[in-house]
Number of protein chains: 2
Amino acid sequence: MASSIHDLARHLNISIGTVSRALNGRADVNANTRQRVLDAAAKLNYSPNQSGRSLRRGATHSIAFMLQPHPGDQQYGEPFFIPFLTGLQAKLAESGLDLIVVMGAPGDYQQERLRRVVETRRADAVVLAYTRREDERIDYLTRVGFPFATLGRSRSGGNSYPSLDLDFEKAGADAVDRLVARGHRRIAAIRPSLNLNFGYLFLAGYRKALRRHGIEVDPGLIAKGFINEAGGDAVTPQVMRSKDPPTAIIFNNDAMALGGCKALAEMGIKPGHDIAVIVIVDSPLCRYFSPALTGFRPRLEPMGRRLAEMLLASIPAFAGTERARIIREVWPLELIARDSD
Amino acid sequence: MASSIHDLARHLNISIGTVSRALNGRADVNANTRQRVLDAAAKLNYSPNQSGRSLRRGATHSIAFMLQPHPGDQQYGEPFFIPFLTGLQAKLAESGLDLIVVMGAPGDYQQERLRRVVETRRADAVVLAYTRREDERIDYLTRVGFPFATLGRSRSGGNSYPSLDLDFEKAGADAVDRLVARGHRRIAAIRPSLNLNFGYLFLAGYRKALRRHGIEVDPGLIAKGFINEAGGDAVTPQVMRSKDPPTAIIFNNDAMALGGCKALAEMGIKPGHDIAVIVIVDSPLCRYFSPALTGFRPRLEPMGRRLAEMLLASIPAFAGTERARIIREVWPLELIARDSD
DNA sequence: TGTGTTCTCGTAAACGTTTACGGAAAAACG
DNA sequence: CGTTTTTCCGTAAACGTTTACGAGAACACA
């Protein structure tokens, strides 16, 4: 059905080598024949077969993003990545690269799926998200020398890959500062596993800011739960039942915050009225919740574009330059003040 | 880096043909040598190069989903498709197929991107969403004979492809029934362009139900807006300012509903108190909004799984059977009663 | 006219698979 | 023991590209 380079050659009565050179803009082909080839290609609706091209060139011209749905999000999905992917795709397309999104099952950590992508050479590079503090995926990719970039930092892999992260440490500190300025001294933190690096960073910022204000860090005010609604629901009552309960809570995640607020409501405590609430990573859910939750908003679409640039710059074959540049960036989170604090 | 079938053959001192046959489970290879090949493959960490395999087999073993972000969703994305894709991927993986998600830019209709996927043979079949009443993508795919399935129905393409849709017509009617049962006679409908087939179906159900109840359809109570928050915001005041304003509004979409409720609030009208509100396609936003919006919930993950089955059954190369079966299904939407009506 | 240079193109190999074909060896059968 | 069948494997072609190499033609220059 699809016309091949042989069809073009036969149609024009020239060799396939010349056709290929003409299409790829090489110098050693007569301007006249090149035009004839281009015209014929347009007329016969030719476009190169990717498999053939990949096989010969040893490159697929596509980048894989490993998308991992949140556990417990059976009903609806994570809106977080869509604008990020939009930006990523837009920038990659400018270099003629395709973005392929590899879906994981909720819960699994994609080590297996990642291996498959790498070993079957489905993509020339991959992009990871939800980086862990020690991340076996990163260890694996550096070990086999496969190009990649990460949304989020990790201690794994040294400085061998580009990464773009949000400044969760500063956001954690900013949240504390804001609450202290409003007279709070008992500030709780609800966080996910410290394996997730953004959880670790958030808590570090939270702790540092408390100390800066001369407030002792009370382990009873720090609770760890699953990074979903059920997690916030289950864990929030714990900190509320401490002997000296908090007057403010910082949640590390929108889903945890919503679950936590539900638990608070069941205890007869009204967020924004009886207790202050701040969420580190904002979402539309925070905006429409009642009371609207104060939070920190990431700029997802530009982050996608930027990470694409950074990834491309790190691969000699894609960067114009010979020397690859590893870029790491940390972007600020912007506070969106609403009604919950 | 990755070992090829030649490495295996050299290592075992047999020909590549035998290695390939052993790996592919063909009958004409000695059980003993097969085991040796399998062991060596595991030891050398062999996995077949996709480009080579695709080129020879003429199939990519991957299915493309054309994901189209909503216009105006710059800040956050559409959570709708994530669980759908999770189900789709899970089922495809069972047949050894990869899912690749092709991102579009917000707003563009992906005709160009679709052509590229088809013409460069990136995938063996594609899955479309947001079907339009007359859909040029469907026309194109049927014209060139490329296998596909759709999430949503269309008038285009006849009966040549599998489709899975939600029963928007029944949901529209159910919403009217429910409101009439509660005493409402002036019921407005806020809908997107009728090009979007679910908008058309919804309105048909709405009209039919009104007539069944002996209520005249008032064009002044039907308004069309962009399928996002701004659309609902802009259009809702129109119907409220009609000479005989509605006592209830049905929104075709969560984003439109949220925008509409914002507009209502600015007019001093409280949803759930001064006016009844129902949303056709529910989302977490509806749940957390205040008041929580009554809506109809789709079962997205099972829909993904089902559409994968239907797609596979329609392609002789994938279905076990010789005759391909085109299946079309319409799934019910389940009402989730909350506080807004 | 002879020599060297530049343009332009065809030839053929290569990328990693799969598979049709044929042939040698082994087994079955008379 | 001869013939037929079966089992197993190697050979080579093919999928659609890209590209190194070389060769013929045209041109420049002395």
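Computed from a predicted model, the values in this text were never measured in an experiment. Each chain gets a letter, A, B and so on, in the order its sequence line appears, and its residues count up from 1. All heavy atoms count here, side chains included; hydrogens, waters and symmetry mates do not.
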Q: Please work out which residues in residues 50-58 of chain A have a non-hydrogen atom less than 4.0 Å from an atom of DNA chain C and list them by number.
A: A:Leu55, A:Arg56
**Q.** Qualifying residues under salt bridge (charged side-chain N to carboxylate O under 4.0 Å, His left out), relative to A:Arg115, sequence neighbours excluded
**A.** A:Glu119
Q. Of all residues at least two apart in sequence or in a different chain, which pass the ring-ring contact (aromatic ring centres under 6.0 Å, His included) check with B:Phe198?
A. B:Phe168
Q: Would you grab the first and last nucleotide of DNA chain C (5' to 3') that comes under 4.0 Å of any non-hydrogen atom in chain A?
A: C:dT8 to C:dG16
Q.
Show every ring-ring contact (aromatic ring centres under 6.0 Å, His included) that has at least one partner inside residues 86-106 of chain B, sequence neighbours left out.
A. none
Q) What residues in residues 9-34 of chain B put a non-hydrogen atom under 4.0 Å from any atom of DNA chain C? A) B:Ile16, B:Gly17, B:Ser20, B:Arg21, B:Asn24, B:Arg26
Q. Which pairs count as salt bridge (Lys or Arg N to Asp or Glu O under 4.0 Å) when at least one residue sits in residues 37-57 of chain A, sequence neighbours excluded?
A. none
Q: With sequence neighbours left out, write down each residue that passes salt bridge (charged side-chain N to carboxylate O under 4.0 Å, His left out) with A:Arg21, or none if nothing qualifies.
A: A:Asp28
Q.
Using modelled atom types and a 3.5 Å cut-off, is there a donor and acceptor pairing between side-chain atoms of A:Arg34 and backbone atoms of A:Arg26?
A. yes
Q) Between D:dG10 atom P and B:Ile5 atom CD1, what is the distance in whole Å? A) 12 Å
Q) Taking only residues two or more places apart in sequence or in another chain, which ones pass ring-ring contact (aromatic ring centres under 6.0 Å, His included) with B:Phe148? A) B:Tyr161
Q: Could you note down all residue pairs passing salt bridge (Lys or Arg N to Asp or Glu O under 4.0 Å) where residues 303-317 of chain A supplies at least one of them, sequence neighbours left out?
A: A:Lys91-A:Glu309, A:Glu94-A:Arg305, A:Glu301-A:Arg305, A:Arg306-A:Glu309, A:Arg306-A:Glu329
Q.
If the condition is salt bridge (charged side-chain N to carboxylate O under 4.0 Å, His left out), which residues does A:Arg116 pass it with, not counting sequence neighbours?
A. B:Asp98
Q) Can you name the salt bridge (charged side-chain N to carboxylate O under 4.0 Å, His left out) partners of A:Asp165, sequence neighbours left out? A) A:Arg153
